[in-house]
Each structure stands twice: as structure tokens, then as C-alpha cells.
Amino acid sequence: DVKVTQSSRYLVKRTGEKVFLECVQDMDHENMFWYRQDPGLGLRLIYFSYDVKMKEKGDIPEGYSVSREKKERFSLILESASTNQTSMYLCASSEEQHYYGYTFGSGTRLTVV
Amino acid sequence: KNQVEQSPQSLIILEGKNCTLQCNYTVSPFSNLRWYKQDTGRGPVSLTIMTFSENTKSNGRYTATLDADTKQSSLHITASQLSDSASYICVEAGKLIFGQGTELSVKP
């Protein structure tokens with residue numbers, strides 16, 4: 001089974017801090033994604049990457065950046081955390097064709113105080 | 001506009017009862033449709049995957065149907081258990097269009 005691992009289940013950070021959320025997948029998937037999930041809004045795509053060092057903006061990229069230096073690792077960076085970035089963050093990965101496997105990590109609940 | 005709409009928003013049923021969750025999609029071109037189960041505080045886990053040529057797919061007590069003509073899918077849960085309490089999310093995975101989810105609560 002594909003495993004997508006997010007480094008932290010729960011995280012509490014202060015406003016203005018730089019925050020790194022890490023995601024690692026073990027199945028050599030080309031595509032990796034970062035979503036945030038908020039009540040009533042569902043999942044919203046922040047950024048995705050289809051190859052090493054490649055990235056594409058999703059629907060809500062403002063306030064975030066990403067890094068993909070290695071195929072298995074996709075990092076989400078909050079340059080200066082704000083309280084409105086308090087959310088559940090979900091990482092996912094898939095093979096080149098979405099049909100052949102799209103797997104989520106367990107999520108990181110980030111609280112910015 | 002590409003959209004996936006789910007109904008109902010929330011549902012409460014008694015343990016042992018059956019239920020059906022609905023998903024209507026207006027996504028073009030259509031690739032495949034997935035149902036996910038998301039337990040509180042966890043990431044979504046895939047239940048079923050269907051392409052346009054598949055009408056039904058089962059995974060234990062979960063059965064998904066797809067009608068490509070009406071662009072509707074349903075997820076039927078048989079003999080519900082307390083552990084079925086979760087959010088169920090429908091996704092058109094070609095364009096990554098997510099529904100808002102149905103919150104299912106199974107009561108003893």
C-alpha cells in the first residue's frame with residue numbers, strides 16, 4: 001500500500017512564525033498535493049507538484065509556498081503564519097494518471113495563535 | 001462550471017440501518033469518480049474508484065453506483081456500524097473536484 005506520511009499530527013505556532021509542513025510518500029509517485037480543509041468549505045487545493053522542482057498554484061496559494069527538492073518529499077511553507085491559516089492540512093500523492101492511485105496522508109491540524 | 005455536489009449535508013441513522021449518500025457531478029470531461037471516508041481528525045481513505053464504464057463497485061458493506069447519463073453517483077452503506085460515523089467525500093479525480101462531503105453519524 002502507498003503510504004503518505006505527514007510529519008506532525010498537531011502543531012501550534014505563533015503568528016508571524018515560519019512554519020514547515022512536511023510530507024513524504026514511499027511509492028515513487030510523480031504528483032503530490034497540498035490541501036487545506038475547513039468546515040463548510042471542504043478541501044481546497046493550495047499547491048501541487050508533478051515533478052521534482054516543479055510546482056503549480058492551486059486555488060488558494062496566497063500566503064503559502066512549496067518545495068519539492070526530492071521526488072518523495074513535498075513541503076508546504078507558511079512564510080509568516082497568520083491566525084486565518086489555522087486549519088487541517090492534508091497532503092496527497094498520485095501516479096502520473098490520477099486514476100492509478102490517489103492517497104492522502106493523515107493530516108496536520110495546525111493552530112496559529 | 002465543474003462542480004461536485006453532495007447530499008445530504010449530514011445524516012443521522014441508527015446502528016444496523018442502511019443509508020444512501022448522493023453525489024451529482026458536472027465535470028467535463030469526466031475521468032473517474034471516487035468516494036472517500038474521512039474519520040474525524042484523519043486524512044481521507046479511498047473506498048471506491050469508478051470510471052464512466054463502471055456502474056457499480058463494492059467494498060465490503062459499501063457499494064457505489066455510477067450513472068454516467070445522469071451524472072449521478074451514490075454510496076450505499078449496508079447494516080451500518082458505529083465505526084461508519086465519518087465524513088464521506090465524493091471526488092471527480094480527473095480534475096480533482098471535491099464535494100463538500102456528507103457527515104454521517106451512526107447512533108446506537
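Since the model is a prediction, treat every value here as computed from it, not as a measurement. By convention in this document, chain letters (A, B, ...) are assigned in the order of the sequence lines, proteins followed by strands, and residues within each chain are numbered from 1.
Applying the disulfide bond (SG atoms under 2.5 Å apart) test to pairs two or more places apart or on separate chains, none has a residue in residues 41-73 of chain A. Identified under the disulfide bond (SG atoms under 2.5 Å apart) test for residues 10-54 of chain B, with sequence neighbours left out: B:Cys23-B:Cys90.
For the atom pair B:Leu11 CG and B:Lys17 NZ, the distance stands at 13.0 Å (nearest 0.5 Å). Atom OG1 of A:Thr5 is separated from atom CD of A:Glu72 by 11.5 Å, given to the nearest 0.5 angstrom. For the atom pair OG1 of A:Thr86 and CG of A:Leu110, the computed distance is 6.0 Å after rounding to the nearest 0.5 Å.
A donor-acceptor distance shorter than 3.5 angstrom exists from the side chain of A:Gln25 to the backbone of A:Asp28, with no hydrogens or angles considered. Under the 3.5 Å distance criterion, the side-chain polar atoms of A:Thr108 are left unmatched by any main-chain donor or acceptor of A:Tyr89. Distance alone, capped at 3.5 Å, places no donor-acceptor pair between the B:Ser58 side chain and the B:Thr63 backbone.
Residue-level contacts of residues 34-49 of chain A with chain B, in order of numbering, are A:Tyr35, A:Gln37, A:Gly40, A:Leu41, A:Gly42, A:Leu43; threshold 4.5 Å between heavy atoms. By a heavy-atom distance cut of under 4.5 Å, B:Phe98, B:Gln100 are the residues of residues 98-108 of chain B near chain A, going up by number.
Of the listed residues (A:Ser106, A:Gly107, A:Ala92, A:Cys91), the greatest number of heavy-atom pairs within a distance under 4.5 Å of chain B belongs to A:Ser106.
The two residues B:Phe52 and B:Ala68 have their closest heavy-atom pair at O-CB, 4.0 Å.
Put simply, the residue from B:Val4, B:Thr48, B:Leu66, B:Asn24 that forms a side chain to side chain contact (heavy atoms under 4.5 Å, CB included) with B:Ser73 is B:Leu66.
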